[in-house]
Engineer: 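I'd like to ask you about the structure that follows.
Proteins come first, then strands; the chains are lettered A, B, ... in the order of their sequence lines, and each starts at number 1.
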Amino acid sequence: MIEKNSDNDNPSKVHRDFLREQIDCDLSSGAIETVVTRFPPEPNGFLHIGHAKSIQINFGIAQEYRGKCNLRFDDTNPSKEEKQFIEAIKRDVEWLGFLWNGEVKYTSDHFEYLFELACHLITSNNAFVDDSSADEIRNSRGTLTEPGKQSPYRDRTVEENLDLFKRMRAGEFKDGTRVLRAKIDMTSGNINLRDPVLYRIMHTSHPRTIDKWCIYPTYDFAHGQIDAVEGITHSLCTLEFSDHRPLYEWLVHKLPLPSQPKQYEFSRLNISHTVLSKRRLTSLVKGKHVSGWDDPRMPTIAGLRRRGVPPEAIRNFINNLSISKTEGMVEHAMLDHAIRENLNKHALRRMGVLRPLKVIIENYPQDKIEKVEVSNHPANPEIGSRMVSFGREIWIEQDDFLEDPPRKFFRLGLGREVRLRGAYLITCKEIKKTSDGQIVELRCSYDPDSRGGNAPDGRKVRGTLHWVSSNNSVDTEVRLYEPLFKTDKPKMGEDFLEELNPNSCKTLKLCKIEKAVFDSSHNDPAIQLERLGYFCIDKDSTADLPILNRTIALRDSWTKINK
RNA sequence: UGGGGCGUAGCCAAGCGGUAAGGCAACGGGUUUUGAUCCCGUGAUCCCUGGUUCGAUCCCAGGCGCCCCAGCCA
């Protein structure tokens with residue numbers, strides 16, 4: 001069962017889903033000795049959190065059962081694939097914390113073998129070369145309710161098929177003029193069995209084999225065979241491949257393969273307020289609706305990483321879901337929870353003011369600067385503390401002051417007293433405004449006997465504010481994020497762009513951030529700015545202009561009460 | 001009107017014939033020098049209708065609803 005505090009990847013905490021039940025069964029029956037899985041991305045885009053589910057399942061299961069998991073690039077379609085994606089995918093899998101078995105594998109490593117298998121299929125009279133055009137093939141495939149018609153080229157002799165197929169390889173024919181097709185059943189209710197295409201001609205350079213080939217196998221002809229070559233025992237994929245399983249099995253049975261892998265399907269991950277399809281993510285990047293694949297608003301692994309989401313939080317999020325065949329949509333609040341749960345444990349506490357309001361402590365000596373001790377993590381004293389400099393001029397958050405506040409407002413108001421975290425109790429005496437009524441400065445007094453924030457007479461001070469002294473602040477740009485989409489389920493089709501959230505990224509300039517945030521001495525990059533949320537330093541930062549990303553805000557029941 | 005898959009609380013789900021786990025969200029309350037964290041509490045005649053059974057979320061039959069498939073994409 002999933003236990004409450006699923007902070008690690010302890011197998012005993014992973015639920016026994018139907019995949020693990022199947023594996024338990026195969027292991028105890030002796031059908032297999034060790035589990036071998038694979039994660040088979042096509043290098044045509046960046047990995048997203050939906051892939052993280054597949055990665056977690058494949059690598060996670062292998063780990064648990066002391067088996068193996070291969071990383072295999074399913075690179076059978078050079079028209080869409082690029083080297084940059086191969087590198088990005090490797091980096092993301094590693095960053096998520098997984099180690100693949102041996103070298104990285106590529107379907108293209110076996111193009112010669114696949115070619116031989118195709119010849120074998122032709123020789124056993126199970127495949128034929130079809131001269132029909134793509135349109136003709138489509139038109140004779142039939143529909144969901146009507147059977148298809150056999151190709152006029154279906155009854156060629158084995159010799160003719162073999163000759164033609166070799167000439168396809170030799171580059172004698174133009175793209176689209178011929179394909180190799182399996183000979184199965186044009187009347188099948190399963191359209192994948194209506195003489196599916198196995199090889200197509202593509203005079204396109206491949207990221208790895210370059211110009212060696214001008215014919216490429218389809219997914220269907222490659223996947224199961226390579227599973228067999230790699231000794232995959234459980235080929236785990238998403239539900240939309242269920243209809244391909246009969247074809248997968250047909251090929252595995254017809255061909256002389258070193259093993260007999262089996263395919264099992266689970267439902268893919270959907271998360272509210274975002275999109276998890278490579279097609280739509282690519283469209284966001286190409287249409288410049290985001291700054292790139294690693295834009296912090298993107299649900300890509302690279303985007304989450306840049307936003308400051310730790311890999312462990314992603315793993316915990318996935319582990320808290322369980323594997324099933326039900327297609328649903330997980331609320332993004334679940335991911336948020338996993339992120340906060342993890343960051344709350346690890347992030348160092350610091351202070352920073354996003355929308356600064358100047359406060360002058362009138363009874364504090366003009367040139368005095370003192371250091372007050374503030375905990376780095378109140379719930380975790382072993383993480384230590386730091387000395388924070390305090391002075392006569394400090395910044396507080398504009399939201400933390402109301403000229404005439406309601407009773408339940410536990411913050412600063414004219415004549416009210418609050419605590420500055422770790423420093424002193426202060427009382428607001430006077431408000432300075434511009435001629436048009438804008439509050440620009442507060443004049444306050446402090447209680448010299450309240451050092452550390454403790455009332456000398458034990459009086460109750462409900463509010464505690466974060467603050468930064470002007471001599472200890474770094475002007476910083478801070479980027480705040482919201483979900484990429486306004487609606488929980490962006491509509492299908494290209495008009496999903498209409499539902500982009502115009503406020504998904506808000507940039508604040510000249511925020512006043514405690515210097516210690518930019519100390520490079522701490523290993524853990526995650527920072528909690530107290531009362532504001534979790535932050536990390538963005539890669540766009542320069543020495544002159546530091547930039548923080550807000551990974552996620554703290555839960556906030558106050559603004560909720562106000563609504 | 002073909003084939004495949006799925007229907008348990010707002011969301012994700014356990015359950016494998018013996019009388020509905022857990023997590024998220026929401027809502028109460030307590031603690032608190034982060035309105036955070038933490039703690040405690042609150043929710044379901046299991047898509048429908050029949051049937052089998054002492055007993056059905058679980059088995060059977062028939063409905064209904066949702067998703068996927070007609071790429072020389074994966």
Side-chain angles (χ1 to χ4, degrees), chain A residues 1-4 6 15-17 21 40-42 44 74 76-77 79-80 130 132-134 137-139 141-148 175-181 187-194 196-202 216 218-220 222-223 237-246 265 267 272 278-279 320-331 333-338 340-341 344-345 349 351 374-375 378-379 408-411 419-423 425 452-455 461-466 488 528-533 553-561:
Chain A
M1 293 298 289
I2 297 168
E3 287 176 17
K4 180 137 182 276
S6 58
H15 172 253
R16 310 314 295 175
D17 50 78
E21 277 176 1
E42 185 192 12
N44 65 346
D74 212 352
T76 57
N77 184 358
S79 69
K80 295 187 172 178
D130 194 337
S132 307
S133 68
I137 290 179
R138 188 181 322 116
N139 292 333
R141 186 152 28 223
T143 67
L144 294 180
T145 52
E146 299 156 28
D175 286 10
T177 55
R178 281 177 178 79
V179 288
L180 182 72
R181 289 226 261 170
T187 68
S188 173
N190 183 343
I191 291 170
N192 292 298
L193 261 20
R194 317 238 264 231
V197 170
L198 269 21
Y199 263 92
R200 70 281 217 202
I201 300 171
M202 263 198 252
Y216 294 95
T218 57
Y219 164 85
D220 286 311
H223 206 92
C237 61
T238 45
L239 248 28
E240 64 268 30
F241 291 96
S242 301
D243 291 344
H244 293 247
R245 181 159 23 91
E265 311 89 17
S267 62
S272 73
K278 233 181 290 193
R279 209 204 90 246
N320 289 161
L321 269 18
S322 61
I323 307 165
S324 73
K325 299 185 95 140
T326 323
E327 301 177 85
M329 187 177 60
V330 174
E331 291 170 344
M334 284 246 211
L335 211 208
D336 292 351
H337 169 78
R340 289 197 186 98
E341 181 185 55
N344 178 47
K345 279 184 204 133
R349 270 55 175 176
M351 292 194 283
V374 182
S375 173
K408 288 291 220 177
F409 186 79
F410 307 136
R411 307 183 188 182
R419 173 168 32 245
L420 295 179
R421 170 121 239 206
L425 301 177
N454 304 299
V461 177
R462 177 64 207 259
T464 301
L465 309 186
H466 58 276
D488 58 351
Q528 184 197 94
L529 292 183
E530 295 206 43
R531 306 210 300 138
L532 295 175
L554 256 30
R555 290 189 64 187
D556 179 7
S557 54
W558 169 243
T559 48
K560 217 185 294 176
I561 291 166

Engineer: Is there a Watson-Crick or G-U wobble partner for B:G2 with both distances under 3.5 Å, and which nucleotide is it?
Structural biologist: B:C69

Engineer: Does A:Asn192 use its side chain to pair, donor to acceptor, with the backbone of A:Asp243 at less than 3.5 Å?
Structural biologist: yes

Engineer: In whole Å, measure the gap between the P atoms of B:G41 and B:G4 for me.
Structural biologist: 48 Å

Engineer: Within the 4.0 Å heavy-atom criterion, would you say A:Glu331 contacts the bases, only the backbone, or no part of the nucleic acid?
Structural biologist: base

Engineer: NA contact type, A:Thr218, heavy-atom cut-off 4.0 Å: base, sugar-phosphate, or nothing?
Structural biologist: sugar-phosphate

Engineer: Does A:Arg200 put a side-chain nitrogen or oxygen below 4.0 Å from OP1 or OP2 of B:A74?
Structural biologist: yes

Engineer: Look at the rings of A:Tyr219 and A:His244 and say which category their plane angle falls in: under 30° parallel, 30 to 60° tilted, over 60° perpendicular.
Structural biologist: perpendicular

Engineer: Among A:Arg349, A:Arg531, A:Glu530, A:His466, which one satisfies side-chain contact (heavy atoms from CB on, under 4.5 Å) with A:Arg421?
Structural biologist: A:Glu530

Engineer: What's the gap between B:A21 and B:A44 when it is taken at their C1' atoms, as a whole Å value?
Structural biologist: 13 Å

Engineer: If you only use heavy atoms from C-beta on, which nucleotide in B:A13, B:G35, B:A25 is closest to the side chain of A:Thr326?
Structural biologist: B:A13

Engineer: When you measure from the side chain of A:His337, which nucleotide among B:A36, B:A25, B:G35 comes out closest?
Structural biologist: B:A25

Engineer: Between A:Lys408 and A:Val330, which is nearer to the 5' end of RNA chain B once each is assigned its nearest nucleotide?
Structural biologist: A:Val330

Engineer: Which base, if any, makes a Watson-Crick or G-U wobble pair with B:G62, both distances under 3.5 Å?
Structural biologist: B:C48

Engineer: Nearest to the side chain of A:Phe409, heavy atoms from C-beta on, is which of B:U34, B:G35, B:A74?
Structural biologist: B:G35

Engineer: With a 3.5 Å limit on both atom pairs, tell me what B:A56 is paired to, counting Watson-Crick and G-U wobble, or say none.
Structural biologist: none

Engineer: Nearest to the side chain of A:Glu327 - B:C67, B:A25, B:C69?
Structural biologist: B:C67

Engineer: Which value, in whole Å, describes the distance between the C1' atoms of nucleotides B:G17 and B:U52?
Structural biologist: 12 Å

Engineer: If you compare every side-chain N and O of A:Lys560 against the phosphate oxygens of B:A26 (OP1, OP2), does one of them come in below 4.0 Å?
Structural biologist: yes

Engineer: Which residue, A:Tyr219 or A:Asn192, contacts RNA chain B at a nucleotide closer to its 5' end, judged by nearest heavy atom?
Structural biologist: A:Asn192

Engineer: Output the single nucleotide from B:U34, B:U37, B:G3 whose closest atom is nearest the side chain of A:Asn190.
Structural biologist: B:G3

Engineer: Using a cut-off of strictly less than 4.0 Å, decide whether A:Arg411 has a side-chain nitrogen or oxygen near OP1 or OP2 of B:U34.
Structural biologist: no

Engineer: Does B:G35 have A:Trp558 stacked on its base, where the ring centres are within less than 5.5 Å and the planes differ by under 30°?
Structural biologist: yes

Engineer: Side chain of A:Lys325 only, please: which of B:U37, B:C6, B:C24 is the nearest?
Structural biologist: B:C6

Engineer: Taking only the P atom of each, what is the distance from B:A36 to B:U31 in whole angstrom?
Structural biologist: 13 Å

Engineer: Any idea which of B:C24, B:G4, B:A13 is nearest the A:Ser324 side chain?
Structural biologist: B:A13

Engineer: Could you check which nucleotide pairs with B:U19 in any of the strands shown, counting Watson-Crick or G-U wobble with both distances under 3.5 Å?
Structural biologist: none

Engineer: For B:G71, measure the glycosidic angle (O4'-C1'-N9-C4 for a purine, O4'-C1'-N1-C2 for a pyrimidine) and name it syn if it falls within 90° of 0, otherwise anti.
Structural biologist: syn

Engineer: According to the Watson-Crick and G-U wobble definitions, with both distances under 3.5 Å, which nucleotide is paired to B:G41?
Structural biologist: B:C27

Engineer: Identify whether any heavy atom of A:Asp336 sits under 4.0 Å from a base atom; if not, whether one sits that close to sugar-phosphate; answer base, sugar-phosphate or nothing.
Structural biologist: nothing

